[in-house]
Each structure stands twice: as C-alpha cells, then as structure tokens.
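Before I ask anything, here is the structure I am working with.
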Amino acid sequence: MIDSVGGNMSSQSKADYVESNLYRIRHSAAHVMAQAVVEMFPDGKVAIGPPIEDGFYYDFDLPRPLTPEDLETLEKRMREIVSGDYKFEKEILQADEARKLFADQPYKLELIDGLAEGGFDEYGEPLDEKPEISIYTQDTFVDLCRGPHVSDTGEINPDAMKLLNVAGAYWRGDESRPMLQRIYGTAWESADDLEQYLWKLEEARKRDHRRLGRDLDLFSVNEEVGPGLILWHPKGGMVRKLTEDYCREEHEIGGYEFVYSPHIGKAHLWETSGHLDWYQENMYSPLDIEGQEYYLKPMNCPFHVQIFKSRTRSYRDLPLRFAEWGTVYRYERSGVLHGLLRVRGFTQDDAHLFVRPDQMPEEIDQVLEFSLNILRAFGFKDFQAYLSTRNPQKAAGEAVQWEAPTEALRNALERAEIPFQVDEGEATFYGPKIDLKVRDALGREWQLTTIQFDFTLPERFDLTYVGEDGQDHRPYMIHRALLGSMERFMGVLIEHFAGAFPVWLAPVQAVLIPIADRHYEYADQVAGELGKAGLRVEVDQRGERMNAKIRDAQNLKIPYMLVIGDREIEAESVSVRLRSEENLGAMTISEFLERAKSDIAERI
RNA sequence: GCCACCGUAGCUCAGAUGGCAGAGCAGUCGCUUCGUAAGCGACGGGUCAAGGGUUCGAUUCCCUUCGGUGGCUCCA
C-alpha cells in the first residue's frame, strides 16, 4: 500500500503532491464520481477513492459489471454535479456516530473500525497516531474522508476531467477479500493539461515495446511455444548481443570473472539454499531423472556457491566476483505476464560477489557506482533507489543478523548521493536489498538493478575461506543484477528510445538506397567497404522507388539512409539522410565513416 | 490466480437478427528505372483460436479450454 499515492514519485515530490491543489481537485473528483455511481446504483457499496499520480480512482461493490457506456453516463452526470457548485463540508464525528451514518456500508464500517482502533487511516494505510474521524459532504453525497478537498465542486474543471477505464481490484489489496470494481479517472487544472496528459498516454502507446517489437521485427511470443517465453528475432537478437557485449567488456574491466552453470539442479541443492522453503511458489514442478528430483533454476546463486566451494579459498582470493548471463525460469501467474517486462523465462546479467566482512562496505559502494555507470551508457540519467528491509513473515535468520547489512546498504546509498526511500518488509528471504529504478524518456520509472545482501546462503552452504590467521572464516555474499534481466531491459530500452536505438545499438546502422538497377553494383561495393569498416549495413534492392525505400527505412528507424544514384557514382560519394529527416547531402565514403564512427563512439 | 473486456488472412480491421467470408497494408510475379516518407497491375493467402452443445444449417447463439488486453495481488 506504500505506493497508493504516486508510486513513481520520490518521497519529496509525493509530499508536495499531497499538499497541492491538483491533489485536492482529484480527491474531490473521486467523491463526485462516487456520488454519480451511487445515484446509478442506490444499493452499491462504496470502498475507497484516493488521488493517485495523474488522476484518481474509486472502488465499488456493484450489482453488475460496469460498461464503457456507463462511464460516459457517469462522466456526464459528474459534469452536472460539478457545475452545481456544491460546497465540500467537513464534519468531525465520534466513531459511533460514524457507524450509524454508514450502517449500510460494510467497507466504510471496516474503515471506521480501523480509524477507531488507531491502526489505520481511511485508505487502510498504517498510522502512528489515532486519527480523528471526519466526513465530507457535497450535494447529496457523504463520504468518510480525512480530506483535503477543494472548497466547492465548481473548482473542478469539467473540461479537464475524464473517466478512463474500469478494472478489478481486491478490497484492501488482499486477494482473499472481495474483488471490487475500480474506476480510474483523471482530472487536471486546465483542459490543456488534460490534453497533454492524453497525448502522453497516446505517445506511450506508440512506444509500446510489444508493438515496436513486431513492427521492427525484434522479438515475438508464440502461442505454440507458450506465454511468457520470448523468441528473439535476428534484429532484436543483435540489439541484445550488442548490449551483452558491452556489459561483458565492462564486467571484465571491473574485475568480474565469467562462469557458466546448468539450467537444472537436484532438489537437495534447492533444499539447502532455502529456495524450496521460501521460493517454491515461483518454481516449476520438479523433473524426475532416474528417480532423482531436479528443479529448473529460478536463480543462479546455488551454482555460483558451488563454484566457490569447489576448492579451498584464501582471504587473498577475495573478493571473488562470478558473473553469468544466467537464464532462469520462474512461475509467474498468467495474469501478470506482460511483453518483455514480465516473463517466465529470462536471462539475468547476474553476479555473485564473495567478500570478506571488512571488504563489504567498499564492495557495495563499487557495485552501486558500477551499476550507475552502465545504466548511464544506455542513456538513462535519473535514478531512484529503494532500500528493502526485513519481512518478519518471510525471512531467514534472526532479526539482529539483518541490522548490520541493512545499515551497510543504507550507508552506500547515502555515500552515492542517490535519492532513496525505504520499503519496509520488502526484502528477499535471504537478506536486505537495494533496487534501482531508472526514469525513461517519458518520465516513467522502471525497476532494473537489484543489489542484494546475503548472509544466509554462506551459512546454509557452509562457505568458508582461510584467513590470515589460518582459521576458517565466513564470507559475505552479494547478489546483483544490473540490467535486471535482458528481457526487461530490452523492453525498457525499446520504449525509452521509441525503437530508434542509438547508432551503436541499432541492428541495422545504415541502409543503402540505390535509385535504379544500374546503381546496384556500386551500392554493393560501398556496402562491402562499410561492412569491412565494422558497420552493419543493408542494401535495399527491392524493385521499389526511392521514395518507398526511404519511407520504409524511416519506419524501421535506421540511423543512416545512403542514397546512391548517378551523381554519387560519378563523385564516388553517398548522399546521407538521417532518420531525423535531416539531409546531410553528399559526402565521400570516408567522410561518412568518420561521421558514423564518431556517432557510435558518443553513443548517440 | 482474480475481475472486466477481447480473439475473422502475417499486420490493421470490416462483416452477417444463423444460410458458401471481405478490404488495405505486407508477400509473390509482371510492368516501371524513378533524386529524399507509399508507382501501376495481377496472383496467392482464412477449419472465422480450439473442443463440445443447440439447430435442417454455427464464424455468428450457449458452455468449456487456450491465448491476449486493462487492472488487482505478485515481481527481474
């Protein structure tokens, strides 16, 4: 429930938002919507309706499913209510009075109990203090609410609000509770703001990696193969390979060593690691091989641990950094699968660091810096970090064991001067973690990097190294994936660049466009030369007109279009057009190569 | 997994209150040899997601399954 207000915001901007007029407008619009819904369904039960980033929602328990036509009707009625200029009036009540008022509203009664006991606010979020119980009334609608609201409905601009869609949502986010109907809406101060927001939604739709994945022939998912399993096509495979190549190189420079491990391992391994205790719900059923149970790996760690254990380790060997592009399989419930961003089989740019306790702080600092540098190379500039702490219901080890590592992660974040917030109880079963989110070209946040401390596996597998004193010592372990998974990272990258990858990542960097058949030979010759220089080029030999070839190259977002006709052959040149539609005119092959190489080096 | 909606050619979509299925783009083949975002024409392509039911007859109505979309819970 931490993210019910502005999941994609830093804590500071979240606090600013709650104080803003826009927040009051949206909160008030939610009440107006609830009024319209209750008028339509007098027996309907209302749940909660907070503002969220970019809008608001309200949850209802209604006798029948809502249709798109209902939304239109409701929106129309909302405009009438808004133009009625009804005051929002606040009143403070005792719990018993409130219970009487909401006697036929079971969800409100539950909220009132929470308020009266002092544990929760009206959205069910935990509270330290015992809050007062207040109601807000506008026109005929009364709602249990802490506020704040605009002073009257007239302050909501009827031309700047819109109901967007209906969705299911569990009461209090708990899947054992009833499924309610949630209406999402948006409201802004001006019609222009609304329009801009809708434009942004449209732009996001155009950038959808699932659509671009098909249009640019990057990848597909196939019903025959199975949901959540990705097929990389040659173009997408090239982008992925280039990404991996770059990262591998950086890892080598950064002191990592590459290892490889199998996709399955015996049940005993996963018992020892604790995965069968803590993670089994995400693992696939075991395979029977000659009477032994084997599991498909959901993580790479147990294998890397075994590599560590394969010989006696000295304190001089540490830190050891084992990296692997490790493909793992996790059971994800069918409803959560989404393009490349949520899949069932994926490849992590995984690594496990085995370090001496005294090396721990510096190693975490280094990993954090390493991650940020790699992400910056791909054009990401804004980061937000999340520190996840122990979940008592789902944690190995004792609470005290968690304290020092949690502090170490916190200190690293402070030293790196990255804005972060604490997600209480969101840690993995084996230790606290830092997650990094990047902000893309449209301002959306995506979680990629994860850096996880682990004091559990070294104990479970009894990992030791021989110290200076000749005694056995226990190393610490850090799990980390920087891009997260290749699938998710590619998805984010596609949306970030809207498919127009920077030249260094573009699967086809230049397309040669001969104007007529007689230009093919020269085009092939130029292509050969550019290819020899390391450029990825194609010659468009289709019997199409130049205009059509240019149009198709534009749509494929190919960085350079090199037009070749009589003039170019005469001058031994190419005419260079960029996908930005800028026409650079004719230049020699070597001039063009110089230009391309500089663009590649600058990663633009 | 849950709630709602959806599934017609490779893609985007039309279609009929139940009576032999259509367009554009893409593809193939011809013609055209062209100067910075779609040249012209012909042809091929569909168990209307799958299975079952109702019916003289189902792509159309009903049920089940599979797959997808938007959310919820969960998450790299």
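Numbers restart at 1 for each chain; the letters A, B, ... are given by sequence-line order, proteins then strands.
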Original post:
Given atom CG of Asn300(A) and atom P of A76(B), what is their separation to the nearest angstrom?
Top reply: 14 Å
Subject >> Qualifying salt bridge (charged side-chain N to carboxylate O under 4.0 Å, His left out) pairs, either residue in residues 60-72 of chain A, two or more places apart >> reply: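 Residue pairs with at least one partner in residues 60-72 of chain A: Arg64(A)-Asp70(A).
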Original post:
Going by number, which of residues 480-496 of chain A have a non-hydrogen atom under 4.0 Å from RNA chain B?
Top reply: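 The stretch gives Gly484(A), Ser485(A), Arg488(A) as the residues lying under 4.0 Å from the strand, ordered by number.
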Original post:
Using atom C1' of each nucleotide, how far apart are C43(B) and A26(B) to the nearest Å?
Top reply: 14 Å
Original post:
So what does Ser575(A) touch, heavy atoms closer than 4.0 Å: a base, only the sugar-phosphate, or nothing?
Top reply: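 Contact class for Ser575(A): base.
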**OP:** Look at all strands and tell whether Ala169(A) reaches a base, only sugar-phosphate, or nothing, counting heavy atoms closer than 4.0 Å.
**Re:**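 Sugar-phosphate: the residue Ala169(A), judged by heavy atoms under 4.0 Å, touches backbone atoms but no base.
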Subject >> P gap between G70(B) and U12(B), integer Å >> reply: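 Roughly 14 Å separates the two P atoms.
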Original post:
For the side chain of Asn165(A), counting heavy atoms from C-beta on, which of G70(B), G68(B), A37(B) is nearest?
Top reply: G70(B)
**OP:** Determine the Euclidean distance between corresponding P atoms of C13(B) and G7(B); express it in Å to zero decimal places.
**Re:**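 These two P atoms come out 11 Å apart once rounded.
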**OP:** For Asn583(A), report the nucleic acid contact type (base, sugar-phosphate, nothing); a contact means any heavy atom under 4.0 Å.
**Re:**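 Counting heavy atoms under 4.0 Å across all strands, the contact made by Asn583(A) includes a base.
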Original post:
Near RNA chain B, which residues from residues 567-574 of chain A have a heavy atom under 4.0 Å away?
Top reply: Arg567(A), Glu568(A)
Original post:
Looking at G1(B), A37(B), A76(B), which one has an atom nearest to any side-chain atom of Glu332(A)?
Top reply: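 Selected nucleotide (nearest to the side chain): A76(B).
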Original post:
Checking Ser273(A) side chain against His275(A) main chain: does a donor-acceptor pair fall under 3.5 Å?
Top reply: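 Confirmed, Ser273(A) side chain pairs with His275(A) backbone.
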**OP:** Answer with yes or no whether Asn547(A) presents, from its side chain, a donor or acceptor under 3.5 Å of a partner atom in the base of U36(B).
**Re:** no
**OP:** Please tell me which of Gln452(A) and Pro227(A) maps to the more 5' nucleotide of RNA chain B, matching each residue to the nucleotide holding its nearest heavy atom.
**Re:** Pro227(A)
Original post:
Residues from residues 333-341 of chain A sitting under 4.0 Å of RNA chain B, heavy atoms only?
Top reply: Arg333(A), Ser334(A), Gly335(A), Val336(A), His338(A)
**OP:** Please work out if Gln447(A) contacts a base, only the sugar-phosphate, or nothing of the nucleic acid, heavy-atom cut-off 4.0 Å.
**Re:** sugar-phosphate
Original post:
Does Trp270(A) have its ring centroid less than 6.0 Å away from the ring centroid of Phe303(A)?
Top reply: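 When the ring centroids of Trp270(A) and Phe303(A) are compared, they turn out to be within the sub-6.0 Å range.
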Original post:
Under 4.0 angstrom, heavy atoms only, what part of the nucleic acid is Asp435(A) near: base, sugar-phosphate, or nothing?
Top reply: nothing
**OP:** Verify, without hydrogens or angle tests, whether Gln348(A) (side chain) and Ser485(A) (backbone) share a donor-acceptor contact under 3.5 angstrom.
**Re:** no
Original post:
Under 6.0 Å from the six-membered ring centre of Trp325(A) and within 45° of its axis: does the NZ or CZ of Arg248(A) meet both?
Top reply: yes
Subject >> Chi angles and distances behind the ring-ring contact (aromatic ring centres under 6.0 Å, His included) call for Tyr58(A), Phe60(A) >> reply: CA-CA 7 Å; Tyr58(A) 211 115; Phe60(A) 306 95; 5.0 Å; yes
Original post:
Does the ring of Phe346(A) meet both stacking tests against the six-membered base ring of A76(B): centre distance under 5.5 Å and plane angle under 30°?
Top reply: yes
**OP:** Quote, to the nearest angstrom, the P distance that separates G19(B) from U73(B).
**Re:**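 Roughly 45 Å separates the two P atoms.
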Subject >> Near-strand residues of residues 197-220 of chain A, defined as heavy-atom separation under 4.0 angstrom from RNA chain B >> reply: Arg210(A), Arg214(A)
Subject >> Gap in Å between the two P atoms, one belonging to C61(B) and one to A76(B), rounded >> reply: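 Looking at atom P only, C61(B) and A76(B) are 42 Å apart.
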Subject >> Euclidean distance, atom CD1 of residue Ile434(A) to atom P of A76(B) [Å, nearest integer] >> reply: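 In whole Å, A76(B) P lies 15 Å from Ile434(A) CD1.
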Original post:
What distance, rounded to whole Å, do you find between the two C1' atoms, one in G46(B) and one in G52(B)?
Top reply: 22 Å
**OP:** For nucleotides G30(B) and G53(B), find the distance between their P atoms and express it as a whole number of Å.
**Re:** 49 Å
Original post:
How would you label the contact of Val328(A) with the nucleic acid (heavy atoms, under 4.0 Å): base, sugar-phosphate, or nothing?
Top reply: nothing
**OP:** Determine the interplanar angle of the His479(A) and His352(A) rings, folded into 0 to 90°, and report it as parallel if under 30°, tilted if 30 to 60°, perpendicular if over 60°.
**Re:**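 The arrangement is perpendicular - the two ring planes meet at more than 60°.
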Original post:
If the P atom of U60(B) is compared with that of C20(B), how far apart are they to the nearest Å?
Top reply: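 U60(B) and C20(B) have their P atoms separated by 14 Å.
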Subject >> Nearest-Å distance for atom pair CZ/P, residues Arg342(A) and G71(B) >> reply: 14 Å
Original post:
Regarding Gln447(A) and Arg488(A), is there a side-chain donor-to-acceptor distance under 3.5 Å anywhere?
Top reply: no
**OP:** Flag this pair as yes if the NZ/CZ of Lys437(A) is under 6.0 angstrom from the six-membered ring centre of Tyr386(A) and inside a 45 degree cone about the axis; otherwise no.
**Re:** yes
Subject >> Contiguous pairing runs of three or more, Watson-Crick or G-U under 3.5 Å, that involve RNA chain B >> reply: B:1-7 with B:66-72, B:10-13 with B:22-25, B:27-31 with B:39-43, B:49-53 with B:61-65
